[in-house]
Amino acid sequence: MILYPAIDLKDGRAVRLVHGEMERETVFNENPAAQAMEFVQAGCEWLHLVDLNGAFAGEPVNDAPVEEILKQCKVPAQLGGGIRDMATIERWISRGLARVILGTVAVENPQLVRDAAREFPGKVAVGIDARKGMVATKGWAEETNVNATDLAKSFEDAGVAAIIYTDINRDGAMKGPNVAETAALGNAVSIPVIASGGVSSLADLQALKTCGAPLNGAISGRALYDGAIDLKEALTLLRS
């Protein structure tokens, strides 16, 4: 499994939110690129970036810090938040982004996901963010009546590189991931699944690793910043 350190960008800074609520932020680093380099120097092989402002605005907002991270860090990075048209997808990939994450448009315009996955093989992931199994969009601000597993299954033949599954009620709360739901999704589709939301200890990573589903990796943010997860120990655990 791969450990994806999360760098959530709000107003140009690296922050973490609780349950995705923009007013409940903690600023962890005024310099996101420096934070990214810390993760890379510790041995991380991927970076997970989120443009929080972009997710609400519906278009990229934190371009400058993302571009600085891509310039300084020589490991692949994936980015979500406000990427909702082909021109934006093309622009980010041309700037060196390894993978775009499409969330809201996966519900509202699934054909764009299919077109992008065909145009950029291996570079398009679907972000599925859910509360009690139902998908939320537009920075988690809007509830839908779409079931998370049904949405994932609908992209089985689309050629997407991964599904990033976030349990919103666990995100940033340091209460552990929803292992059961994540495992169920991982076993329901052949697409690689990345776990996100609530990963707050080595025990959580161990639980995901041994959950009975072939998960691609796990995303962690607050626990890495707070020191609840030792990054090098986590990398050793997931690689063993």
Counting C-beta onward and ignoring hydrogens, is there a side-chain heavy-atom pair between Leu9 and Val66 closer than 4.5 Å?
yes

Checking the side chain of Asn109 only, and the main-chain atoms of Val105 only, is there a donor and an acceptor separated by less than 3.5 Å?
no

Arg84 and Glu108: salt bridge (Lys or Arg N to Asp or Glu O under 4.0 Å), yes or no, with the steps?
CA-CA 10 Å; Arg84 298 181 191 169; Glu108 297 184 349; 5.9 Å; no

Contact summary for Ser220 and Leu224, nearest pair of heavy atoms
O-CD1, 3.4 Å

Hey, what do you get for CG (Leu102) to CZ (Arg114), rounding to the nearest 0.5 Å?
13.0 Å

CD1 of Ile7 to CG of Leu49, rounded to nearest 0.5 Å, is 5.5 Å

For Gln72 against Ala33, the heavy-atom pair lying closest together
NE2-CB, 3.7 Å

Minimal non-hydrogen separation, Cys73 against Met37, with atom names
SG-SD, 3.5 Å

If you group Ile, Leu, Val, Met, Phe, Trp and Tyr by side-chain heavy-atom gaps below 4.5 Å, do Leu112 and Ile101 land in one group?
no

Give a yes or no on whether Val160 and Ile164 share a hydrophobic cluster (residues Ile, Leu, Val, Met, Phe, Trp, Tyr; joining criterion: side-chain heavy atoms under 4.5 Å apart).
no

Side-chain (Asn216) to main-chain (Ile194) donor-acceptor, under 3.5 angstrom
no

Just wondering, do Lys10 and Asn53 contact through their side chains at under 4.5 Å, heavy atoms?
yes

How long is the gap from OH on Tyr165 to CG on Asp129, to the nearest 0.5 Å?
9.5 Å

Search all heavy atoms of Val193 against all heavy atoms of Thr182 and return the closest pair with its distance.
CG1-CG2, 4.4 Å

Same apolar cluster (I L V M F W Y, side chains within < 4.5 Å links), Met86/Leu97
yes

To the nearest 0.5 angstrom, please state how far the CD atom of Glu38 sits from the SG atom of Cys44.
11.0 Å

Do you know which two heavy atoms are closest between Glu156 and Ser190, and how far apart they sit?
OE1-OG, 2.6 Å

Indicate the atoms forming the closest heavy-atom contact of Thr88 with Pro60, along with that distance.
CG2-CG, 3.5 Å

Quick one: CZ on Arg99 to CG on Leu47, what's the gap to the nearest 0.5 Å?
12.0 Å

Just by modelled atom types, is the Val61 backbone N or O under 3.5 Å from a matching donor or acceptor in the Asp51 side chain?
yes

Kindly determine whether Asp63 and Arg91 satisfy side-chain contact (heavy atoms from CB on, under 4.5 Å), including the steps that lead there.
CA-CA 11 Å; Asp63 288 33; Arg91 186 168 75 249; 4.2 Å; yes

Checking the side chain of Asp230 only, and the main-chain atoms of Glu233 only, is there a donor and an acceptor separated by less than 3.5 Å?
yes

Salt bridge (Lys or Arg N to Asp or Glu O under 4.0 Å) between Lys153 and Asp150, worked out
CA-CA 5 Å; Lys153 287 181 175 179; Asp150 290 344; 5.4 Å; no

For the backbone of Ile219 and the side chain of Ser196, can you confirm whether one donor and one acceptor N or O come within less than 3.5 Å of each other?
no

Sub-4.5 Å side-chain heavy-atom contact between Leu17 and Met22:
yes

Quick one: do Glu68 and Lys71 make a salt bridge, cutoff under 4.0 Å?
yes

Please answer whether the main-chain N or O of Leu237 pairs with a side-chain N or O of Lys209 as donor and acceptor at a distance below 3.5 Å.
yes

Short side-chain to backbone donor-acceptor contact, Asp226 and Ala228, under 3.5 Å
no

Heavy-atom side-chain contact between Val199 and Leu208 under 4.5 Å:
yes

Are Leu202 and Ile2 connected in a single hydrophobic cluster, I mean Ile/Leu/Val/Met/Phe/Trp/Tyr linked by side-chain heavy atoms less than 4.5 Å apart?
no

Between Val189 and Val124, is there shared hydrophobic-cluster membership here, with clusters defined by ILVMFWY side-chain heavy atoms closer than 4.5 Å?
yes

Pair Tyr4 and Phe39, ring centroids less than 6.0 Å apart:
no

Assess, by modelled atom type and distance only, whether the side chains of Thr104 and Thr137 contain a donor and an acceptor separated by less than 3.5 Å.
no

Any chance you could measure Leu70, atom CG, to Arg95, atom CZ, to the nearest 0.5 Å?
9.5 Å

Stepwise side-chain contact (heavy atoms from CB on, under 4.5 Å) check, Phe155 with Ile163
CA-CA 9 Å; Phe155 292 111; Ile163 287 173; 5.6 Å; no

